[in-house]
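Notes follow the structure.
Reckoned from all heavy atoms, side chains included, excluding hydrogens, waters and symmetry mates. Letters go in sequence order (proteins before strands), and every chain restarts at 1.
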Amino acid sequence: MPIRAALALLKPLLEDRSVLKIGADVKHHYVVMNRHGAELCPYDDVTLISYVLNGGTAGGHDLASLADAWLGHKVRDLKELTGSGKSAVAFADVDPANAAAWAAEAADVALRLWQVLKPRLAMDGIVSVYERLERPLVPVLARMEQRGISVDRQILSRLSGELAQGAARLEHEIYELAGERFTIGSPKQLGDILFGRMGLPGGSKTRTGQWATTAQVLEELAAEGHELPRKIVDWRQMTKLKSTYTDALPGYVNPQTGRVHTSYALAATTTGRLSSSEPNLQNIPVRTTEGRKIRGAFIAGKGNKLVSADYSQIELRVLAHVADIHQLRQAFAAGADIHAATASEMFGVPVEGMPGEIRRRAKAINFGIIYGISAFGLAGQLSIPREEAADYIKRYFERFPGIRDYIETTKDFARRHGYVETIFGRRIHYPDIRASNVHLRSFSERASTNARLQGTAADIIRRAMVRMDDALARERLSARMLLQVHDELIFEVAEDEVEATIPVVQRVMENAAMPAVSLSVPLQVDARAADNWDEAH
DNA sequence: AGTCTCACG
DNA sequence: ACGTACGTGAGACTC
């Protein structure tokens, strides 16, 4: 069927404000229709309804999982029609009778799921999470995906060459030191050589009883003066950057747009964060000099700049608010260095002239608190004995008893209800919170205390994103939101609008909790513009 | 498909 | 005595 003919039939219906369109993973359909100039509105999405109702419980929220769980219906897999792998055909090339039957089944199942799930949403009183944080994000993310971002393929190709050279050189040196050739990328072979044949002191074992060869293990051996582990770590970094980024990213450049278009999942994480795939643009390197060169390959289009705006310490600010910790609130209000302030409070050391090591330890504790701290984890992070880590934690809770109370209150709430809530009412379920298995239960306790913080931060940036396009339009600004990386938004902005855009972006992000929640701690957003993502970050 | 490792917040 | 820091996605190797 010609697209024009299909659109003539569909567009009026899709855009009819009096007709509710119901589907699963509506963003996907929104992008497809939008590509042909049709706007899908209004709509309900059973995937998002399920995510809001049952986030954290086992099982996905895609159409097939929901149909199985709620209707006892096994939907036919699209692969039965298109085939899979190399011989797969496009949906457009499937026999129309088969395609129609498959599509009709999906439509029918989506409607029946909506009839079951939508009323439960109202009963559970979390309708505002769906209506304000989930549903309105669909067109926002669809537009971000469609815009894509420019990458400089020359830079990536040059980096690939440099990494190939560096890895090849290391490969020879590794074989020389090992006394034989082997597959460096095989953890099994590497473990056998390091800890078997060469007799280096092995650390921990993996779940399957193999020697662990993680970067941390190899770094410790390197610190003891062993040459080989250091070279393995360097080789791994180079091959990682090459295979995952410099080699793979050019393959994602769309020939029509010349840009890279990621796909965001709205209903993939337990905490309310987004995820990004094909390619994942939420894990572009930044921590090493070599890695940052890859980030530098993400560039603004001609006549534009990239603007990066990120929340400063948003999860610690959320913690200061929800746990109501006066020292933390004061430190944030004063614009202090929060890790130094924590160290000062814990160890009685003035911030002026504080040794770096002291601050580093307080920083690790702050992260630990967010993750659901344990003496074991902190000890591993800081490479100190567990007794010493336990002592730090004890000292921390003596100074910040409100945080110990917060953690206990959260665990207790989770035990009683089976879920925890963000400050905007998002529920995250922990079915194992009352398990008799200590391991399962402890994991749920750490995860649930973390989820309130990570989830609230995720809700805040969602609110900013939902409002951003309107705010920019009201100021007659043409800035386009391109990417989201959990606490950061990246925009493409016409050069002559950069100065006017930055304060608008900051204002929307910093006020994103309002008016639903008035935070007792200010949110701070740092923003800057540059020709590429590395320099803007 | 499972495991291991490592890139990000 | 045990086994643990929270949340992701992707690539390489192995079976």
Side-chain angles (χ1 to χ4, degrees), chain A residues 55-56 182-191 204-218 232-233 235-249 251-252 262-265 268-288 290-292 294-295 310-316 319 364-382 386 389 393 420 428 430 437-455 457-458 461 483-489 533 537:
Chain A
F182 64 104
T183 306
I184 307 170
S186 161
K188 185 169 152 51
Q189 292 184 37
L190 178 63
S204 55
K205 297 264 185 97
T206 66
R207 235 168 26 82
T208 51
Q210 275 185 49
W211 290 111
T213 66
T214 60
Q216 187 175 354
V217 170
L218 300 181
I232 301 284
V233 168
W235 179 88
R236 277 203 183 142
Q237 198 205 18
M238 285 186 189
T239 53
K240 175 82 173 182
L241 295 181
K242 183 170 186 292
S243 62
T244 307
Y245 303 103
T246 60
D247 287 351
L249 282 171
Y252 285 103
T262 186
S263 173
Y264 288 105
T269 71
T270 51
T271 56
R273 276 189 175 182
L274 304 179
S275 75
S276 157
S277 64
E278 292 183 283
N280 182 355
L281 295 186
Q282 291 181 320
N283 73 345
I284 298 303
V286 71
R287 292 175 187 173
T288 65
E290 282 306 302
R292 277 204 293 274
I294 293 167
R295 190 166 281 230
D310 69 296
Y311 285 106
S312 160
Q313 306 289 358
I314 187 165
E315 289 180 7
L316 279 177
L319 173 67
I365 292 168
N366 277 333
F367 275 108
I369 293 294
I370 290 170
Y371 294 155
I373 201 158
S374 71
F376 183 93
L378 182 63
Q381 181 64 40
L382 287 175
R386 193 163 52 180
I393 295 170
V420 293
I428 302 148
Y430 288 90
N437 180 323
V438 184
H439 176 53
L440 275 181
R441 189 175 67 245
S442 301
F443 182 80
S444 294
E445 288 173 354
R446 292 193 301 274
S448 61
T449 48
N450 169 261
R452 282 185 76 188
L453 307 177
Q454 191 183 116
I461 197 165
L483 302 177
Q484 190 253 39
V485 191
H486 308 308
D487 64 356
E488 176 188 15
L489 294 174
W533 189 7
H537 182 75

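- Residue R452(A) is classed as having no contact, given no heavy-atom separation below 4.0 Å to the nucleic acid.
- Taking a pair to require two hydrogen-bonding distances under 3.5 Å in either a Watson-Crick or a G-U wobble arrangement, dC2(C) remains unpaired.
- In this structure, R287(A) reaches the bases: a heavy-atom distance under 4.0 Å links it to at least one base atom across the strands shown.
- Contact annotation for T449(A): no contact, since no heavy-atom pair falls under 4.0 Å across all strands.
- Separating the NE2 atom of H439(A) from the C1' atom of dA1(C) is a distance of 15 Å, rounded to the nearest angstrom.
- In this structure, Q282(A) and L274(A) have side chains that are in contact, with non-hydrogen atoms separated by less than 4.5 Å.
- Residues satisfying the salt bridge (Lys or Arg N to Asp or Glu O under 4.0 Å) criterion with D487(A), sequence neighbours excluded, are absent altogether.
- No engagement by E315(A) is indicated, since no non-hydrogen atom pair under 4.0 Å with the nucleic acid exists.
- Within 4.0 Å (heavy atoms only), A248(A) reaches sugar-phosphate atoms of the nucleic acid but no base atom.
- Within the nucleic acid shown, I370(A) has no heavy atom closer than 4.0 Å to any nucleic acid atom.
- Checking the phosphate oxygens (OP1, OP2) of dT14(C), a side-chain nitrogen or oxygen of Q189(A) falls inside 4.0 Å.
- Using a 4.0 Å heavy-atom cutoff across all strands shown, E278(A) reaches sugar-phosphate atoms only and no base atom.
- Side-chain nitrogen and oxygen atoms of R273(A) include none within less than 4.0 Å of the OP1 or OP2 phosphate oxygen of dT8(C).
- Annotation: side chain of Y252(A) is not in contact with side chain of L281(A) (no heavy-atom distance under 4.5 Å).
- Of the two residues contacting DNA chain C, namely R386(A) and H486(A), the nearest-nucleotide position lying further toward the 5' end is that of R386(A).
- Rounded to an integer number of Å, the gap from K205(A) NZ to dC2(C) P is 14 Å.
- Counting non-hydrogen atoms under 4.0 angstrom, A215(A) reaches the backbone sugars and phosphates but no base.
- Within the 4.0 angstrom heavy-atom criterion, base atoms lie near A364(A).
- Of all nucleotides in DNA chain B, those with any atom nearer than 4.0 Å to a heavy atom of chain A start and finish, going 5' to 3', at dT3(B) to dG9(B).
- Remark: T270(A) is in phosphate contact with dT8(C), judged by side-chain N or O atoms under 4.0 Å from OP1 or OP2.
- Taking 4.5 Å as the limit, every side-chain heavy atom of E290(A) sits out of range of all side-chain heavy atoms of M238(A).
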Open item on the list: As a quick check of understanding, evaluate side chain to side chain donor-acceptor pair (under 3.5 Å) for H486(A) and Q454(A), giving each step before the final call.
Closed with: CA-CA 9 Å; H486(A) 308 308; Q454(A) 191 183 116; over 6 Å; no

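- For E445(A) and dG3(C), the CD to P distance is 18 Å, given to the nearest whole Å.
- Scanning atom types as modelled, no donor and acceptor separated by under 3.5 angstrom connect the side chain of R441(A) and the base of dT4(C).
- Base engagement by S374(A) is indicated by at least one non-hydrogen atom pair under 4.0 Å involving a base atom.
- Taking for each of N450(A) and V438(A) the nucleotide of DNA chain C with the nearest heavy atom, the 5'-most of the two is the partner of V438(A).
- Of all nucleotides listed (dG9(C), dC6(C), dG11(C)), dG11(C) comes nearest to the side chain of Y252(A).
- L241(A) places none of its side-chain heavy atoms less than 4.5 Å from the side chain of T246(A).
- Here the C1' atom of nucleotide dC6(C) and the OH atom of Y430(A) are 9 Å apart, to the nearest Å.
- For the pair N437(A) CG and dT4(C) P, the interatomic distance rounds to 12 Å; values are reported in whole Å.
- Note: CG (D487(A)) to C1' (dT8(C)) measures 14 Å, nearest angstrom.
- Within the nucleic acid shown, T239(A) has no heavy atom closer than 4.0 Å to any nucleic acid atom.
- Comparing the P positions of dT4(C) and dT3(B) gives an interatomic distance of 14 Å, to the nearest angstrom.
- Y430(A) approaches A447(A) most closely through the heavy-atom pair OH-O, 3.3 Å.
- Taking the side chain as every heavy atom from C-beta outward, I370(A) and N450(A) approach each other to under 4.5 Å.
- Taking atom P on both nucleotides, dC4(B) is separated from dG3(C) by 15 Å, rounded to a whole Å.
- Nearest nucleotide to the S277(A) side chain, out of dG9(C), dT4(C), dG3(C): dG9(C).
- Between the NZ atom of K240(A) and the P atom of dG9(C) there is a distance of 13 Å, given to the nearest Å.
- The shortest distance between side-chain heavy atoms of I365(A) and L378(A) falls below 4.5 Å.
- Q237(A) comes within 4.0 angstrom of sugar-phosphate atoms only, judged by non-hydrogen atoms across all strands, and of no base.
- Residue F376(A) is classed as a base contact, given a heavy-atom separation below 4.0 Å to a base.
- Here the separation of dC2(C) from dA7(B), taken at their C1' atoms, is 31 Å to the nearest Å.
- Note on N280(A): only backbone sugar-phosphate atoms sit closer than 4.0 angstrom, heavy atoms only; bases stay farther off.
- In this structure, M238(A) places its CE atom 17 Å from P of dA12(C), rounding to the nearest Å.
- No side-chain heavy atom of W211(A) sits under 4.5 Å from any side-chain heavy atom of V217(A).
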